[in-house]
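Worksheet: the structure to be examined is printed underneath.
No hydrogens, no waters, no symmetry mates; every other heavy atom, side chains included, goes into these values. So that the names make sense, note that chain A is the first sequence line, chain B the second, and so on, each numbered from 1. None of these values were measured; they are calculated from a predicted model.
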Amino acid sequence: MTAANRQNFLERVRKAVAEVNRPGDPKLPLPHTWVGRSKIDSDLVTAFCSALQRAGGISHAVESWSEVSPLLRRLIHESGGKNIVLSRGDWQQRLDLDWLFRHGPWKAWLTPLPCSDTGEWDSANDNDALKRQLFAADVGITGADWLIAETGSVVLLSRPDQPRSVSLLPRVHIAIAESRRVLPDLYDLFNVCSPADLTANLIIITGPSKTGDIELKLVTGVHGPEQIHVIVARETTELSERAVLLSSTAP
Amino acid sequence: MTDYARQEHREFVAASRAALSDGKLQLALVRLTSTLTAANRRGYDSLPESAQVREQARQIKLRTLANLPRYLEQLEESVRSVGGFVHWADDARQACNIVCDIAWSHGVKRAVKAKSMTTEEIHLNAALESAGIEVTETDFGEFVIQLAKERPSHIVAPAVHHTRESIAGLLSNHLGEPVPDDAPTLAKTGRRILRQKFFAADMGITGVNFAVAETGTLVLVTNEGNGRLTTTWPRIHVAVMGMEKVIPRWRDLPVFLKLLARAATGHPLSVYTSLITGPARNGDLDGPEELHLVILDNGRSKVLASPFRESLACIRCGACLNACPVYRRIGGHAYGGIYSGPIGSVLTPLYSDISHNPHLPHASSLCGACQAACPVKINIPHMLIGLRELQHEKKRNFWEDLAYGLARRVLQRPWLYRLMGRLLRWTLRPLSRDGWCCRLPGPVAGWTQSRDFPAPTRRSFRQLWKREMKR
Ligand code: SF4
């Protein structure tokens with residue numbers, strides 16, 4: 001498309017706007033408000049869990065990190081998954097996942113990383129084979145950048161160590177996070193995550209993939225995961241850390 | 001009326017009749033619209049201060065529209081700065097050409113598409129297909145519609161007019177093997193077919209629910225996840241947006257997200273809200289290599305310059321359709337355009353020409369249910385009346401003008417008004433029995449065809465008033 005085309009387009013819009021606008025019409029955007037922000041009195045983890053259940057997901061609140069590993073094992077067994085893919089994150093450092101990679105009637109693998117110094121993929125890496133593998137995965141395990149108590153949502157930013165496919169392609173998605181990641185309301189997400197933090201893809205996942213297109217009956221798993229589990233590990237240091245997380249200014 | 005308009009009118013009446021006598025469709029429509037209307041109310045109830053949130057959303061939209069050029073330029077700049085390309089399309093043809101050009105220059109053979117009204121509006125599928133590119137709709141309902149070679153009948157539930165059996169028939173036709181007709185199997189089958197399409201596609205085409213000028217973020221909302229799949233593995237992502245979809249700032253976005261799903265389905269959020277800021281970044285394993293944003297006018301600047309500007313604030317939630325007593329009976333196909341229901345009755349004539357589809361502004365009882373359900377409180381009834389007025393200005397009706405002209409003369413003269421009232425009472429009295437006239441003669445016979453007319457009282461209000469005052 002040519003520059004002239006763009007000019008014409010914008011000129012037309014300018015004229016159209018001028019036709020109806022009055023001289024005194026406001027030019028500035030509205031000031032931000034937090035109108036409609038939910039007031040959650042109960043514990044945020046509990047509120048998150050019940051919102052997730054309402055959205056059709058399955059929540060697991062555990063008291064400490066030591067409980068996560070056995071729970072994960074049980075969930076994988078129950079899913080009957082054979083091909084398990086994990087994205088990376090600091091949550092893994094807090095778990096002993098030896099059993100996952102060594103034993104078990106399944107194949108578990110971590111998504112690969114680009115060369116650390118250049119950020120480029122090395123040419124030996126066969127992207128097509130990787131794609132095939134990802135499409136074949138039936139359980140995907142991720143961390144969570146944030147959880148939202150109001151809606152029961154899991155928020156993930158795409159990064160080299162956290163590709164989009166892991167929470168999207170498998171039948172079962174399991175997200176693991178510590179409790180300080182729980183934000184009270186959707187507004188808080190747009191506060192703690194500033195434009196500068198954005199990567200190519202920020203996804204807010206609220207429940208399992210679903211459709212009502214067949215005679216209005218709700219069916220899950222039509223494209224994305226048919227099951228979503230979220231494991232929230234409570235931490236004792238929770239309060240002080242969340243205070244840091246939420247310290248950005250309110251409007 | 002032009003011949004074309006007359007033809008449209010006939011089609012509208014015929015399609016409405018057909019819909020009304022289709023028992024299965026009636027049942028589906030009643031179930032769909034009453035479930036979703038209840039969900040809409042529940043959605044607002046679950047949101048604290050929902051009235052203020054709606055007002056906030058409305059004001060943001062109206063202010064953005066009033067300063068649209070500025071935000072469009074800012075959006076362009078932001079999308080470019082994160083590595084995307086921006087294209088400007090005056091009309092449907094230009095938009096289709098742009099998308100086809102992108103496809104050609106990248107050697108695209110197969111494209112997948114996530115549900116989008118805008119691409120329906122420009123008939124993109126036909127354009128791509130005639131350019132030799134296979135396009136697959138990936139929303140389950142849209143896929144069914146595509147197999148059946150039909151048009152969507154509802155913004156949120158495009159295949160509401162299909163049953164389990166008819167879907168199974170379409171899928172087994174496509175696969176060449178029988179498919180059982182229970183819902184979970186149908187969904188699984190759809191998943192299997194469409195996963196192959198996603199795997200093989202080189203181009204993903206989507207609409208845009210909101211575009212944030214500040215950050216260049218394109219927002220895509222789906223429940224099935226096809227929006228995500230469309231934008232994860234295909235090499236190229238093309239997003240087509242109507243120019244009114246831009247909102248100013250990052251922090252304006254939650255106001256709309258809080259409303260959209262609640263108004264549409266009663267849920268606090270749709271399942272997948274994708275915030276896409278540019279193509280895949282350095283080191284990303286998946287995500288498109290290129291992102292193209294096509295900004296479409298196609299009649300919108302005309303609306304922007306008219307008293308109907310407010311209609312551009314629509315966020316396509318579908319709530320007004322479900323609330324509308326006319327839509328609830330005749331369904332989406334009768335409206336003849338891409339946009340159906342009350343907002344369709346406003347948009348379809350405005351985007352094309354108001355002499356087209358002359359019946360649409362009249363396909364409403366002006367009950368106001370649409371405005372009450374609308375998350376951005378668009379005054380649809382007001383605009384429908386406005387459209388009727390324009391139609392009248394354009395094409396005056398001799399008899400209507402005569403009748404109103406006479407009425408004006410009568411109403412200006414009290415003595416004449418009294419005389420006419422008395423005359424009317426005298427003529428009607430012999431025609432009525434037991435307090436009702438059941439059959440009026442001549443040109444006014446139509447009035448009593450399906451209802452009775454109350455018989456006139458013996459004395460006029462003025463006479464009664466005089467008597468009361470004397471006492
Ligand atoms: S007019 Fe309002 S209710 Fe109707 S689709 Fe648009 S936003 Fe929704």
Side-chain angles (χ1 to χ4, degrees), chain A residues 1 5-6 8-10 12-17 19-21 25-27 29-30 32-33 35-36 38-39 55 111 114 119 131 135 150-151 153 158 160 163-165 168 186-187 190 195 198-217 219 221-224, chain B residues 31-32 47-49 52-53 56 59-60 63 66-69 87-88 90 140-141 159 163-164 167 183-184 186-187 190-191 199 214-215 223-226 228-229 232 248-251 253-254 257-258 268-269 271-278 280-287 301 304-305 309:
Chain A
M1 273 301 113
N5 197 297
R6 171 184 182 277
N8 285 345
F9 189 109
L10 285 168
R12 193 172 55 242
V13 180
R14 248 176 238 125
K15 271 207 201 99
V17 164
E19 198 133 323
V20 179
N21 280 13
D25 279 351
K27 289 253 177 321
L30 274 187
H32 290 296
T33 70
V35 61
S38 39
K39 294 162 193 71
T111 52
K131 178 176 172 186
F135 269 78
E150 175 205 4
T151 55
S153 311
S158 65
R164 316 165 197 211
S165 297
L168 173 64
L186 186 67
Y187 278 123
F190 289 81
L198 286 174
T199 60
N201 190 275
L202 183 156
I203 178 73
I204 309 175
I205 304 173
T206 313
S209 155
K210 61 188 169 200
T211 184
D213 279 336
I214 306 164
E215 297 192 337
L216 305 171
K217 280 192 199 75
V219 189
V222 67
H223 281 303
Chain B
R31 275 183 47 204
L32 171 76
L47 179 66
E49 310 166 282
Q52 283 108 295
V53 185
Q56 177 81 4
Q59 292 307 335
I60 294 174
R63 280 205 195 191
N67 298 283
L68 197 57
H87 310 262
W88 305 86
D90 293 343
F140 187 81
T163 60
R164 264 184 308 133
I167 295 174
L186 291 175
R191 180 184 174 110
F199 189 87
E214 180 188 3
T215 57
N223 276 317
E224 299 182 356
N226 57 322
R228 287 191 75 191
L229 280 159
T232 298
R249 294 163 306 176
W250 174 242
R251 280 161 75 187
L253 190 51
L257 293 181
K258 271 176 176 284
L269 276 181
V271 180
Y272 299 107
T273 308
S274 297
L275 279 53
I276 298 168
T277 313
R281 308 233 167 140
N282 201 7
D284 275 354
L285 180 69
D286 47 20
S301 53
L304 194 64
R309 180 183 281 184

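- In plain terms, the two heavy atoms of B:Gly225 and A:His223 that are nearest each other are C-CB, 4.1 Å.
- The main-chain N or O of B:Ala66 is found under 3.5 Å from a side-chain atom of A:Asn21 such that the two form a donor-acceptor pair.
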Verify side-chain contact (heavy atoms from CB on, under 4.5 Å) between A:Ser165 and B:Leu285, making sure each step is shown before the conclusion. CA-CA 9 Å; A:Ser165 297; B:Leu285 180 69; over 6 Å; no

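- B:Thr215 touches chain A through its side chain: at least one heavy atom from C-beta onward sits under 4.5 Å away, while N, CA, C and O do not.
- The two residues A:Pro160 and B:Gly283 come nearest to each other via the heavy atoms CB-O, 3.3 Å.
- When all heavy atoms are compared, the tightest approach of B:Ala187 to A:Ile214 is N-CD1, 4.0 Å.
- Checked by atom type, the side-chain pair B:Arg281/A:Asn201 shows no donor-acceptor distance below 3.5 Å.
- Classified by interplanar angle (parallel below 30°, tilted 30° to 60°, perpendicular above 60°), the ring pair A:Phe190/B:Trp250 is tilted.
- If you check the side chains of B:Glu224 and A:Ser209, you find no donor sitting under 3.5 Å from an acceptor.
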Check the pair A:Glu215, B:Arg31 against salt bridge (charged side-chain N to carboxylate O under 4.0 Å, His left out), reporting the backbone distance first and the verdict last. CA-CA 9 Å; A:Glu215 297 192 337; B:Arg31 275 183 47 204; 5.7 Å; no

Decide salt bridge (charged side-chain N to carboxylate O under 4.0 Å, His left out) for A:Arg12 and B:Asp90; before the verdict, give the C-alpha distance in whole Å, the side-chain angles of both, and the deciding distance to 0.1 Å. CA-CA 10 Å; A:Arg12 193 172 55 242; B:Asp90 293 343; 2.9 Å; yes

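- Side chain of A:Lys210 to backbone of B:Val271: no donor-acceptor contact under 3.5 angstrom is found.
- Interface remark: B:Ile60 contributes backbone and side-chain atoms alike to the contact with chain A (heavy atom separation under 4.5 Å).
- Using a 4.5 Å cut-off between heavy atoms, B:Ile276 contacts chain A through both its backbone and its side chain.
- Only the side chain of B:Arg63 comes within contact range of chain A, with at least one heavy atom under 4.5 Å from a heavy atom of that chain.
- The backbone N or O of A:Gly221 lies less than 3.5 Å from a partner atom in the side chain of B:Arg191, making a donor-acceptor pair.
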When you look at A:Ile203 and B:Leu275, which way does the side-chain contact (heavy atoms from CB on, under 4.5 Å) test go after all the steps? CA-CA 6 Å; A:Ile203 178 73; B:Leu275 279 53; over 6 Å; no

Go through the steps for B:Asp284 and A:Arg164 under the test side-chain contact (heavy atoms from CB on, under 4.5 Å), then give the verdict. CA-CA 9 Å; B:Asp284 275 354; A:Arg164 316 165 197 211; 4.2 Å; yes

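- Using a 4.5 Å cut-off between heavy atoms, A:Val17 touches chain B through backbone and side chain atoms alike.
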Show your working on side-chain contact (heavy atoms from CB on, under 4.5 Å) between A:Leu202 and B:Thr277 and close with a plain yes or no. CA-CA 8 Å; A:Leu202 183 156; B:Thr277 313; over 6 Å; no

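- Between chain A and the options B:Pro248, B:Gly278, B:Ala159, B:Gly287, the largest number of non-hydrogen pairs under 4.5 Å is found for B:Gly287.
- To the nearest 0.5 Å, the span separating CG on A:Leu186 from NZ on B:Lys258 amounts to 5.5 Å.
- If you tally non-hydrogen atom pairs under 4.5 Å between each of A:Val35, A:Ile205, A:Asn8 and chain B, the highest count goes to A:Val35.
- Judged purely by atom type and a 3.5 angstrom limit, B:Arg251 has no side-chain atom pairing as donor or acceptor with the backbone of A:Tyr187.
- Between chain A and the options B:Pro184, B:Pro268, B:Ala183, the largest number of non-hydrogen pairs under 4.5 Å is found for B:Ala183.
- Ranked by heavy-atom pairs shorter than 4.5 Å toward chain B, the options A:Gly207, A:Ala55, A:Pro29 are led by A:Pro29.
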